[in-house]
Visitor: 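Mind having a look at this structure? Questions to follow.
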Amino acid sequence: MGHHQPHEESGLAADVKKATGVVAEKCYQCGKCSAGCPVADEMDLPPSLVMRMLQTNQPENDEKILRSKTIWLCLTCEMCIARCPMSIDIPKVMDFLREKSRTEKKISSNANDIVAFHDSFLLSVEKTGKLYELGLIAAYKLKTFHLMQDVAIAPAMIQKGKLHFIPEMVKDRGNLSSIFSKTIKKK
Amino acid sequence: MSEFEPKIVAFVCNWCTYAGADLTGTSRIKYATNVKIVRFPCTGRIDFMLLLKAFGEGADGIIISGCHPNDCHYTSGNFHARRRWVMFRGLMNFMGIDTRRVQFSWVSAAEGAKWAEIVNTTVDEVRELGPYTDYKKVADYLETEVTNG
Amino acid sequence: MSRIGVFVCHCGENISSTVDVEKVAQTAAGFDGVAYSVDYKYMCSDPGQSLIKQAIKDHNLTGVVVSACSPRMHEPTFRKACAEAGLNGYMCEMTNLREHCSWVHERTEETTEKAIDLVRMLVEKVKNDKPLEPIKVPIFKTALVIGGGIAGIQTSLDIANCGHKVILVEKEPSIGGHMSQLSETFPTLDCSQCILTPRMVEVAQHPNITLYTYSELESLEGYIGNFKAKIRKKAKSVDHSVCTGCGDCWTKCPSKKIPSEFNAGLDNRTAIYVPFPQAVPNKPVIDKDHCTYYQKGKCRLCEKNCKPGAIHFDLEDEIIEVEVGGIVVTTGFDVKGTDFFPEYGYGKYKDVITGLQFERLASASGPTLGEIKRPSDGKVPEKIVFIACAGSRDPAKGIDYCSKICCMYTAKHAMLYQHKVHTGKSYVFYMDIRAGGKNYEEFVRRAIEEDKVNYVRGRVSTVYEKNGKLIVKGADTLMNGQPVEIEADMVVLATAGVANCGSEELAQKLHVSYDRYKFFAEAHPKLKPVETNTAGIFLAGACQAPKDIPETVGMASGAAAKVAALFSQDELKREPLIAVVNRQMPPTFSSCVGCFLCETACPYRAIEREEIKDRAGNVIKTIAKVNDGLCQGCGTCVAFCRTKSIDIQGFTNEQMYSEVMALLND
Amino acid sequence: MTLGFYPGCSLTGSSREYAESVVALCEELGIELKQIPDWNCCGATAAHNMDKELSLSLPARILALAEKDGMTEIVVPCAACYSRLSTTQYELNQDETLKAKVASIIGMPYKGSVKILNVIQMLQKYAVDKLADKIKKPFDKEVACYYGCLLVRPHEVLQFDRVEDPQTMDVLMAQVGAKPIDWAFKTECCGAGFSVSQPDIVGKLSGKIVKDAVDRGAKAIIVACPMCHSNLDMRRPAIDSYLKTKVDIPVLYVTQVIGLALGINREKLGLPRHFVPVTFA
Ligand SMILES: Cc1cc2nc3c(=O)[nH]c(=O)nc-3n(C[C@H](O)[C@H](O)[C@H](O)COP(=O)(O)OP(=O)(O)OC[C@H]3O[C@@H](n4cnc5c(N)ncnc54)[C@H](O)[C@@H]3O)c2cc1C
Ligand SMILES: Cc1cc2nc3c(=O)[nH]c(=O)nc-3n(C[C@H](O)[C@H](O)[C@H](O)COP(=O)(O)OP(=O)(O)OC[C@H]3O[C@@H](n4cnc5c(N)ncnc54)[C@H](O)[C@@H]3O)c2cc1C
Ligand code: SF4
Ligand code: SF4
Ligand code: SF4
Ligand code: SF4
Ligand code: SF4
Ligand code: SF4
Ligand code: SF4
Ligand code: SF4
């Protein structure tokens, strides 16, 4: 009788909609996002393809998205949304997908380096309240075994006074660790 | 008298629903005899005092039907009707009139079967509600408050 | 005292098989005020009609109720019959015993009862009927056509060829519109000017057409058949009755750097100018905003060089008033520039051009004489990129809708480019190819298959200049969104077709509606595409929405037929079923209190204000008055009026109330 | 005049020269900067990539501390911090429930009323009319103003200039005598937080930017973001290897350029700390 029965929404696209307000169906697959994305050629799934896969509402595609390198490669540079004719907030979607991929332990092995860096970064912030760059690099190297990377740069940085040997500390560290335990450590 | 047979008046527009009801006839689709049609140029013409009058005179139910939105022969009469009905319904509720007895619908000139369906369901519904006996109260109120006020 | 006749029809057996027609007629005979009641096999047949006519005379009937089929079928028949017998046709009403009773019910007592109820209703209504006369509106058989593009040209010629006068108003110095700017036209690739110019000349020479170029509608009053239009004829500074069109003036004009509208800014024109060589009329005007004399008080070189002495700097705008019976709006469309699309170059790269500019490049009469050369350095582009939907289908930066013509003209452009630059490579970035039209799909396929145009499905993200090349960054969505980068020499944007910038203002002057994109609104999207909601005002061409030439011309002829149909009568006879405001004796004059709720309700702007004055001319009261040329009889005003001062003839409050009461009080 | 100041982590470490030049310039212009007491890291890309609530809470703590200290306006020179703080403020102002939740996570009251300025905005607001009189040595070089992503996008949040082909920095540079060039990579991403984890990508993205600037005759690239600076300046080996040639165009902070024009000495502006030597002045 011309009345649409609102059907139960489930799947990744529905989760995206709930968390970010982005409606995947709005994407008409023009490809402008992929055309302008600075890292599209490095991605396993260019951004417009991610949107298309969300539209298919197929569990196997949902899985591929959460396990993609793409979501970790996205730089949140916001170029895609700045030019999307339908104003689809892909960076926001990517934020959500990353968090979901992380909490569901589906992080792509190709993205290990990127995630290791984020982890090391946050570890430093959690411990000191600020970024301790030397500590960050050390922690990152330990996590990734990229032991030789940046050995050329470090001495120069030290020489130019760009690296501290002793971390600066936030005084109220209890407050910081409580913030971490109420957010990222919860999941 | 075996079962209560409601008296129902239908206020319909000339261009869509009246023609739709003609099509019901041409298609020989059968429906209950309870409903009698009063032809208006447009639902926008329908003065809602007429509804009170009809209830006051003993109607058990009323159907108002015109063109679908955007298809009004006069472009916007049906929108006006719709908008006024929303306001009027409030007034009727306030006055204690059972607004379930008023059926608002859209029937185009091509919807003969839909017309029969609307007549039949309205008749069933109003039969279910029973005879409308509160009308006197309303009519009195109408006499004293509304028409003179 | 009413003397009503009731005539119950059997309709063969259509009615009588389920309704006891004799009983209906007998019962009706007993109704108050019924003087005569009879049943008969076929009321609409000649003998049936004679029966009614005879009864009117014999029984001195004051009203007639024909109880037969739907009034939508035979109301005019019986009203005419009554009128022939000397009874006002509007004293005749019909009860719908067939469609609304016998055909939808079984033969039962209730069915006959319902039939009786229906007859009683109409008997009561007829008692309240008043004799009415059809409204006669004189028709001024001259048409006003606003806008001289192909739509206006075609409409004007069609109306003029029907023998009616036409006034064609064009705001530019020449007629021709966008079509005059086009190179070749899809899907046949015939030369636009070649097919258009003869019609432009025909307009100028047609004895029935008065052409006012460089003119605009100033104001409009009145209603169908009787419009009064004021037209502003802008001062041309050249007396066209003296000017020979020799051109001595513009060749000498020192103000030469004005971007040419006709060539879409690709080259320049002078201050005194004819927009293009085939212009109609082919005589110049002075563009005051750019003329050194008007701006700085010095020059007058054109005047010196004009041998016939046609130039007069002191000419002023002239406002003329014309009376017309029908109006056709044909003001066309505009194309969006490139500047709203910053990522495609802010209108800052010379070699990023619009489709319209490409038309001028490809046109034999254009600034490059039809050679495709890029604006920056005049080089022939070896690689060219066309970007479809530039601004269309883009809620974020442009417009939501599809501009409809650009898929086709882009295919045409790529094709023309390939025909002219054999070694060239062309790319079209598109989202969908919309080629729904006769020979359109074939046309696009030809571009792809024969002319080897590379179609890439994807929207371009950005265009930037680098070392004299335009870098176009797109993606191929048919390859999973893989980025595609092309170093092009020229980029052509299929920018959106949008409403004319003055369309909103014009719509308000005309009292016609427009849509949210400011295109003029048709009265019905399917069944009244050339009518507006205002009787007597019609539409044609791209002023209603972007459309191509075949559609424009079809619509233009359609609008012309509507005008011709209107003009085929000497008077407009309209059903008098319209609203009236009651009038009473002084000092009340009318129960109308002047709240003008009716005015706000009326979809046709038919409510006017009337001032009631005393002998000294002082206004005593302002009341509503219905313009019977505009009122369509919808009755919306009636429902709005709190004082019941406005009523609709044929469906008056009395009539409707009496029907309801008759129905419920058996 | 005193303004609140959020240096952010980079400005205390790898981008010290930015902080130094900001402070030196403000001194010269009579603006006193007061650090937000006990400020923490904004979380940068990492928090944002890993956990939404964390990415809101870290900036919220900073803003709450500023509020607590009675600051109404704070200067945030790092474009990444500026973006994180602004986005957080914007998002929380859109959603009262979320705001309350975040306030409870950080265990501090949070109103969201502090006005956040990046360095360019600060200069526009408090320095532009004073500049002309103070110029000692116009910086008369061709410059490529590089805005990157974080200063201009998302537009609805930052409301800074126009998204494509922004002009604010160009105008500012012209005011101190520089000749801003017209180029195509003003707002392309440099690789941002991939500096360490994906140096090849950074080499490529930053390489394209540097190349366009050089090709179009720029003598310096001007930035207002430590991430942009470190990618374009420190990552030269990766850039050079992507471009297969050595480019030596220096990368300067806006504040350094203005500082030079106002005659502040190069040490005070931190110029010796650059990897690509700055030979002007
Ligand atoms: C780049 C491009 C290529 C095209 N190629 C093709 C093609 O190959 N084939 C095809 O079929 N179609 C083509 N078209 C479409 C074609 O141009 C239109 O279908 C056609 O021009 C519409 O005619 P029109 O008379 O409705 O409007 P217009 O051509 O726009 O004419 C409107 C006229 O009204 C005048 N006017 C406007 N406002 C007023 C006013 N207030 N008062 C008085 N006068 C006014 C204008 O000056 C103008 O003369 C193309 C369009 C474009 C943009
Ligand atoms: C599945 C479908 C869905 C559609 N949906 C829509 C829609 O939603 N909206 C829309 O706008 N359009 C729609 N259309 C298109 C619409 O049907 C046509 O635009 C419209 O019917 C065309 O009208 P017509 O009078 O030209 O032709 P027709 O409707 O074909 O009428 C032609 C008439 O001529 C008669 N005839 C044929 N030959 C002769 C002869 N030799 N002598 C005498 N009489 C003859 C035929 O019997 C017929 O009555 C749809 C079409 C289809 C097929
Ligand atoms: S730009 Fe927007 S509409 Fe186009 S493909 Fe990307 S997300 Fe979809
Ligand atoms: S925000 Fe992510 S997906 Fe969008 S353009 Fe930037 S890197 Fe690509
Ligand atoms: S010189 Fe005089 S006559 Fe010749 S075109 Fe010009 S105005 Fe007309
Ligand atoms: S007076 Fe004006 S139009 Fe005439 S030549 Fe001089 S500038 Fe041209
Ligand atoms: S006609 Fe084609 S190019 Fe034009 S807006 Fe529609 S789809 Fe896009
Ligand atoms: S043939 Fe029909 S379905 Fe196919 S593109 Fe054309 S209009 Fe659409
Ligand atoms: S609504 Fe009635 S009272 Fe008011 S102006 Fe109209 S006619 Fe007069
Ligand atoms: S009947 Fe309809 S058209 Fe006529 S005046 Fe009333 S509202 Fe207007």
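Just so we're on the same page: letters track the sequence lines, and every chain starts at 1.
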Visitor: Identify the two heavy atoms, one from Gly481(C) and one from Ser34(A), that lie closest to each other, and give their separation to 0.1 Å.
Guide: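 For Gly481(C) versus Ser34(A), the nearest heavy atoms are O-CB, 3.3 Å.
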Visitor: Using 0.5 Å steps for rounding, measure from the CG atom of Leu478(C) to the CD atom of Gln29(A).
Guide: 10.0 Å
Visitor: Does any backbone or side-chain atom of Lys473(C) lie under 4.5 Å from a heavy atom of chain A? Answer side chain, backbone, both or neither.
Guide: both
Visitor: Would you indicate whether Lys182(A), at its atom NZ, is surrounded by more than 12 heavy atoms from other residues, nucleotides or ligands within a distance under 6.0 Å?
Guide: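 Yes - once you tally the heavy atoms of other residues, nucleotides and ligands closer than 6.0 Å, there are more than 12.
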Visitor: Is it the side chain or the backbone of Cys37(A) that comes within 4.5 Å of chain C heavy atoms, both, or neither?
Guide: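 It is neither, since no heavy atom gets under 4.5 Å.
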Visitor: Please name the residue in the list Lys397(C), Arg459(C), Met431(C) that meets the side chain to side chain contact (heavy atoms under 4.5 Å, CB included) test with Pro85(A).
Guide: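 One option only clears the test, and that one is Arg459(C).
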Visitor: Quick check on Lys106(A): does its NZ atom have over 12 non-hydrogen neighbours (other residues, nucleotides or ligands) under 6.0 Å away?
Guide: yes
Visitor: Quick check: closest heavy atoms across Ala396(C) and Ser87(A), and the distance to 0.1 Å?
Guide: CB-OG, 3.5 Å
Visitor: With rounding to the nearest 0.5 angstrom, report the CD to CG distance, Gln482(C) to Leu49(A).
Guide: 11.5 Å
Visitor: Starting at NZ of Lys32(A), measure out to CZ of Phe429(C) and round the result to the nearest 0.5 Å.
Guide: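 Here the rounded value is 12.5 Å.
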Visitor: Are the side chain of Tyr28(A) and the backbone of Arg393(C) linked by a donor-acceptor contact shorter than 3.5 Å?
Guide: yes
Visitor: Would you compute the distance between atom CZ of Arg52(A) and atom OG1 of Thr477(C) and round it to the nearest 0.5 angstrom?
Guide: 11.0 Å
Visitor: I'd like to know whether CD of Glu63(A) has more than 12 heavy-atom contacts from other residues, nucleotides or ligands below 6.0 angstrom.
Guide: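 Atom CD in Glu63(A) is packed in, count exceeds 12.
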Visitor: Select, from Gly458(C), Gly474(C), Gly398(C), Cys389(C), the one with the greatest count of heavy-atom pairs under 4.5 Å involving chain A.
Guide: Gly474(C)
